[in-house]
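So the structure is just underneath, and the comments pick up after that.
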Amino acid sequence: MLQTTFESPAAEALSAGAQAFLANIRAVAAVSPEVARAIVQELIDQRTNLKLIASENYCSLAVQSAMGNLLTDKYAEGVPFKRFYAGCDNVDRIEELARQTACKLFDKAHAYVQPHSGADANLVAFWAILSTKIEAPAFKELNTTDPNQLSRPDWEKIRQSLGNQRLLGMDLSAGGHLTHGYRRNVSSRMFDAYGYGVSPSTNLIDYDELQRIANDVRPLILLAGYSAYPRKINFARMREIADSVGAVLMVDMAHFAGLVAGKVFTGEFNPVPYAQVVTTTTHKTLRGPRGGMVLCDEEFAEQVDKGCPLVLGGPLPHVMAAKAVAFLEASRPEFSDYAHAIVKNSQSLSSALVANGCKVVTGGTDNHLVLVDVTPYGITGRQAESAVRECGITLNRNTIPFDANGPWYTSGLRLGTAATTTLGMREAEMKEIASILALVLSNTTPDKTDSGTSKAKYHVSPDAAGRARAKAQALLSDYPVYAELPLDALRKSAGMD
Ligand code: PLP
């Protein structure tokens with residue numbers, strides 16, 4: 001029997017979000033104690049490991065509550081007020097609110113909030129651009145706009161007419177994303193994919209070189225955006241390059257959408273006025289639920305809205321509700337303060353790392369992420385990632401430009417400040433984090449093997465590890481993760497005591 005009321009005498013002392021969270025754990029535990037325990041254990045783990053993963057954050061309990069409810073039951077294929085299912089009135093309202101709030105927040109003509117993830121959003125955008133720019137003439141030639149009228153040979157003709165369109169995106173090895181044309185991703189099967197990198201002397205995008213590549217490639221889509229590039233991008237320049245070769249400028253702002261919403265990236269560094277199509281995730285710096293979104297100019301709106309059936313099936317109404325809540329949160333002035341604090345923190349972290357002798361790629365950062373080159377410590381990114389995690393800090397290894405160790409072992413660490421900033425940490429804590437990282441890295445050595453030096457196994461001096469762990473725990477106890485959640489009551493509700 002599911003418990004529907006919360007009767008603890010301490011209930012009034014808890015925020016509404018915390019009461020809801022606790023009640024949810026009780027309800028889940030009544031069916032699956034194992035799932036309830038895993039959720040509570042995740043909270044415990046997050047409270048005992050400092051999160052520096054650049055693509056993660058802590059979303060609000062309001063966002064989580066909007067996501068965890070009966071809206072998940074609804075099918076709502078189509079778009080607001082034009083559905084393939086009956087009974088979508090409330091989903092219509094929710095999706096319309098999410099898309100209107102997104103349009104206002106980012107100042108773009110159109111928003112499509114159905115993509116389940118950033119990868120889905122990119123697929124929707126690619127197909128919408130193809131359909132707008134390429135498929136329409138093929139359909140016209142076939143004298144129909146109704147796909148159901150088309151025969152197999154018709155579809156063959158369409159495929160051929162779409163064939164060999166070119167995509168020019170940032171190389172994965174230089175900081176781009178898998179979905180930007182990486183050879184093992186479907187993006188490089190859909191398109192004849194080409195890449196641009198960074199300058200070997202500065203590790204920055206060289207716009208003159210990009211122009212030269214674009215002149216050669218003449219892509220249908222010039223794609224800007226990154227997962228691991230620590231600097232601003234000049235989108236005015238990007239649009240100039242795209243226009244000069246007749247390409248559509250698409251920007252994937254998955255990592256820095258929160259910095260756009262929070263008005264840190266303005267003028268030529270704000271992609272929205274310059275790119276015809278913008279994609280994003282909603283769960284990184286934007287601090288919403290896990291999901292994706294496409295923003296676009298009117299020209300692409302019709303095809304973007306055909307994300308279903310082009311790429312997606314039914315949307316996730318509960319996640320769209322959470323997106324609406326997150327976009328409203330991001331529209332508040334406090335969110336702008338938060339976004340500015342993210343960048344101030346990453347700059348403090350980067351300067352403190354340099355002061356502690358670490359090698360920071362490009363020498364600093366303009367955004368929420370810092371790339372550290374760990375080769376001076378004689379270890380790989382993989383060893384560094386594991387050593388740091390052992391000492392209570394979670395981050396991920398990453399390739400650095402021109403990485404000799406490849407994408408598995410790597411030579412770098414990617415650090416982000418979106419999550420620690422949400423916890424309330426500021427410059428002093430960033431300095432402390434930098435000193436912990438330097439302590440661990442400078443006391444980690446690779447293991448020797450019969451064939452040389454291991455790229456995976458390592459040893460951290462126990463004394464340094466102990467000191468690092470104590471410092472990380474001290475920071476976490478000063479800034480507890482989801483401080484309003486009552487851990488003892490949650491443990492009890494999940495049957496963990
Ligand atoms: N685009 C960029 C730039 C990303 O960094 C990511 C994920 O890290 C994605 C797209 C894919 O997002 P998702 O993991 O939600 O599919």
Side-chain angles (χ1 to χ4, degrees), residues 106 108-110 118-119 121-135 162-183 185-199 204-229 231-257 260 265 267-280 292-301 303-304 401:
F106 291 104
K108 198 66 167 170
H110 188 73
N122 283 344
L123 268 183
V124 170
F126 290 150
W127 278 107
I129 296 169
L130 278 170
S131 305
T132 305
K133 295 290 187 190
I134 309 294
E135 194 172 294
L162 291 176
N164 285 330
Q165 290 302 320
R166 293 181 172 177
L167 170 72
L168 176 57
M170 193 174 196
D171 288 326
L172 181 66
S173 59
H177 189 254
L178 294 170
T179 53
H180 297 186
Y182 177 56
R183 68 191 150 82
N185 183 263
V186 67
S187 50
S188 73
R189 317 270 159 110
M190 288 170 60
F191 291 100
D192 185 13
Y194 292 79
Y196 58 90
V198 290
S199 151
L204 300 173
I205 293 171
D206 175 343
Y207 295 97
D208 294 333
E209 173 65 3
L210 176 55
Q211 176 78 67
R212 196 193 56 71
I213 298 171
N215 290 344
D216 278 354
V217 173
R218 305 200 78 77
L220 173 72
I221 301 174
L222 172 61
L223 176 48
Y226 52 77
S227 296
Y229 182 71
R231 294 295 181 174
K232 286 191 225 178
I233 291 179
N234 186 326
F235 296 107
R237 189 71 206 280
M238 283 281 180
R239 178 65 188 259
E240 256 172 48
I241 296 170
D243 283 349
S244 73
V245 294
V248 172
L249 178 62
M250 169 174 160
V251 173
D252 178 348
M253 62 172 183
H255 262 265
F256 54 92
V260 177
F265 286 176
E268 58 201 6
F269 304 111
N270 173 4
V272 181
Y274 296 102
Q276 290 106 313
V277 180
V278 179
T279 56
T280 186
M293 174 167 69
V294 183
L295 299 163
C296 65
D297 289 348
E298 216 41 82
E299 180 189 0
F300 298 91
Q303 294 299 333
V304 163

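Keep in mind the model is a prediction, meaning the values are calculated, not measured.
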Using distance only, find each side-chain donor-acceptor pair of residues 250-257 under 3.5 Å and give its atom names and separation, not counting sequence neighbours.
{"unit_1": "D252", "atom_1": "OD1", "unit_2": "A254", "atom_2": "N", "d": "3.0"}
{"unit_1": "D252", "atom_1": "OD2", "unit_2": "N122", "atom_2": "ND2", "d": "3.0"}
{"unit_1": "D252", "atom_1": "OD2", "unit_2": "H180", "atom_2": "NE2", "d": "2.8"}
{"unit_1": "H255", "atom_1": "ND1", "unit_2": "H368", "atom_2": "NE2", "d": "3.0"}
{"unit_1": "H255", "atom_1": "NE2", "unit_2": "R414", "atom_2": "NH1", "d": "3.3"}

Taking distance alone, no hydrogens or angles, what donor-acceptor pairs closer than 3.5 Å link side-chain atoms of residues 292-299 to residues at least two apart or in another chain?
{"unit_1": "D297", "atom_1": "OD1", "unit_2": "K108", "atom_2": "NZ", "d": "2.8"}
{"unit_1": "E299", "atom_1": "OE2", "unit_2": "K133", "atom_2": "NZ", "d": "2.8"}

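Considering only heavy atoms from C-beta on, Q276 comes within 4.5 Å of R239 through its side chain. Side-chain contact between L204 and R231 is present, with at least one heavy-atom pair separated by less than 4.5 Å. Residues I129 and L220 meet the side-chain proximity criterion, which asks for heavy atoms closer than 4.5 Å. Counting heavy atoms from C-beta outward, I221 and F126 have side chains that approach closer than 4.5 Å. The shortest distance between side-chain heavy atoms of W127 and M190 falls below 4.5 Å.
When all heavy atoms are compared, the tightest approach of F265 to N270 is O-CB, 3.3 Å. Nearest heavy atom pair, residue T279 against residue A121, reads CG2-O, 3.6 Å.
Using a distance-only test at 3.5 Å, with no hydrogens or angles considered, no donor-acceptor pair links the side chain of T132 to the main chain of F300.
Residues passing the salt bridge (Lys or Arg N to Asp or Glu O under 4.0 Å) test with D206, sequence neighbours excluded: none. Residues passing the side chain to side chain contact (heavy atoms under 4.5 Å, CB included) test with D216, sequence neighbours excluded: R212. In this structure R183 satisfies the salt bridge (Lys or Arg N to Asp or Glu O under 4.0 Å) test with no other residue, sequence neighbours excluded. Under the salt bridge (Lys or Arg N to Asp or Glu O under 4.0 Å) criterion, E268 pairs with no residue at all, not counting sequence neighbours.
Separation of atoms OH (Y196) and CG (L210) is listed at 6.0 Å; rounding is to 0.5 Å. One distance of note links CD1 of I213 with CZ of R218; it measures 14.0 Å at 0.5 Å rounding. In this structure, CG on L223 lies 9.0 Å from CE on M238, to the nearest 0.5 angstrom. If you take CG on L123 and CG on N185, they are separated by 7.5 Å, rounding to the nearest 0.5 Å. The distance from the CZ atom of F269 to the CZ atom of F235 is 9.5 Å, given to the nearest 0.5 Å. Once rounded to the nearest 0.5 Å, the distance linking OG of S188 with CG of L172 reads 11.5 Å.
Between S199 and E209, the side chains place no donor N or O within less than 3.5 Å of an acceptor N or O (distance only, hydrogens not considered).
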